[in-house]
Q: 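Below you'll find the structure I mean.
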Amino acid sequence: MAIKIDDDYIELLNKAVSGEIQAIVQYMTQHSKTEMLKMRRKLTNLEILTGKNKASVLGKLLKDISIAEMKHAEKIAERIFVLGGESTTRPSPIKIGDDLDDFLANDLQAEKEAMELYRKIIKEATERGDITTKKLFMEIYAEEEEHYWSFDEFVK
Ligand SMILES: [Fe+2]
Ligand SMILES: [Fe+2]
């Protein structure tokens, strides 16, 4: 059975690329902003007691996850080219925020949207007999779920 590839399918996969580029830019920008917020904020008692600064810990996590999203974008773009399509360079709307709570709300939303889209792609790839794309998105899905829970741990 041949894989059914058409413009609708490539467009759907490109939504994933747009979401990944959004996440890369969003998390990396928030990472740089945590540096600024760290200087401006007064430390809480818990931060003084534990020697851990929430802004620093979240800042490091944002950088690491941004790099993980870069790997996702690369893998998805490669798959689009293999399928004969052209991958987009356009991000989905980027939402940064003004403080750590805003960052977390926007990032939890981004991860949730990614998981919803990837569930749809996994279903579509299955129906089209595109097992390799299905496998790729199942792997990426598991990582988005981890990102979601990593961000969720920071919510008060
Ligand atoms: Fe991702
Ligand atoms: Fe993610």
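In what follows, every heavy atom counts, from backbone to side chain, and hydrogens, waters and symmetry copies are set aside. Whatever order the structure lists them in is the order used to number ligands and atoms, beginning at 1.
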Q: Please confirm whether the backbone N or O of Met28 pairs with a side-chain atom of Lys63, one donor and one acceptor, at under 3.5 Å?
A: no
Q: Starting from the Fe ion (ligand 1), look over the N/O/S atoms of Glu144 and name the nearest one.
A: OE2
Q: Provide the atom name of the closest N, O or S atom of Glu69 relative to the Fe ion (ligand 1).
A: OE1
Q: Please check if any side-chain donor atom of Thr133 sits under 3.5 Å from a side-chain acceptor atom of Arg79, or the reverse.
A: yes
Q: To check you understand the geometry: which heavy-atom pair defines the closest contact between Asn14 and Thr88, and what is its length?
A: OD1-N, 2.8 Å
Q: Is His147 close enough to the Fe ion (ligand 1) that one of its N, O or S atoms comes in under 2.8 Å?
A: no
Q: Is the Tyr118 to Tyr141 ring centre distance short of 6.0 Å?
A: no
Q: Can you tell me the N, O or S atom of His72 that's nearest the Fe ion (ligand 1)?
A: ND1
Q: Could you confirm whether Glu143 has any N/O/S atom lying under 2.8 Å from the Fe ion (ligand 2)?
A: no
Q: Is any side-chain heavy atom of Lys75 less than 4.5 Å from a side-chain heavy atom of Met70?
A: no
